Amino acid sequence: MGGALTRWRILIGLGRIAEAERDAGQARLRYRQALATARAYGDRPAVAASAEALAAVAAFDAAGR
């Protein structure tokens, strides 16, 4: 599962970079990929963190930032 965790962390990091650059579409894509990776490996804490990140980018996007 180490490889999945590394992939998940990279995807979350890329999502955060996209958010910092105000690119909600790219952030959403990376968080969705992170969520899919976490689900595929049954990593429940990573699933929760990915879902939370998706919710945050949705709020970010809805606020028109």
Side-chain angles (χ1 to χ4, degrees):
M1 182 158 24
L5 181 59
T6 299
R7 178 176 168 79
W8 176 82
R9 287 179 190 230
I10 290 169
L11 290 166
I12 288 292
L14 290 171
R16 288 183 180 149
I17 290 169
E19 271 191 271
E21 293 176 346
R22 307 236 184 260
D23 187 345
Q26 191 62 229
R28 190 178 303 104
L29 170 67
R30 297 305 180 190
Y31 292 147
R32 284 182 180 155
Q33 291 173 328
L35 180 59
T37 299
R39 281 183 175 159
Y41 287 91
D43 187 333
R44 294 176 85 175
V47 167
S50 299
E52 183 178 1
L54 269 170
V57 81
F60 165 83
D61 199 23
R65 297 182 185 163

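Everything numeric in this text was worked out from a predicted model, so none of it was measured.
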hydrophobic_cluster_shared for Y41 and L11, side chain cutoff 4.5 Å: no
From S50 atom OG to R32 atom CZ, the distance as rounded to the nearest 0.5 Å: 12.5 Å
Shortest non-hydrogen contact from E19 toward V57: CG-CG2, 4.1 Å
Run Y31 and I12 through side chain to side chain contact (heavy atoms under 4.5 Å, CB included) and show every step you take. CA-CA 6 Å; Y31 292 147; I12 288 292; 3.8 Å; yes
Quick check: closest heavy atoms across A27 and G15, and the distance to 0.1 Å? CB-O, 3.6 Å
Using 0.5 Å steps for rounding, measure from the CD atom of Q33 to the CD1 atom of I10. 11.5 Å
Correct closest heavy-atom pair for A38 and W8 would be CB-CD1, 4.0 Å
Is there a path of hydrophobic side-chain contacts, each under 4.5 Å between heavy atoms of I, L, V, M, F, W or Y residues, that connects V47 with L5? yes
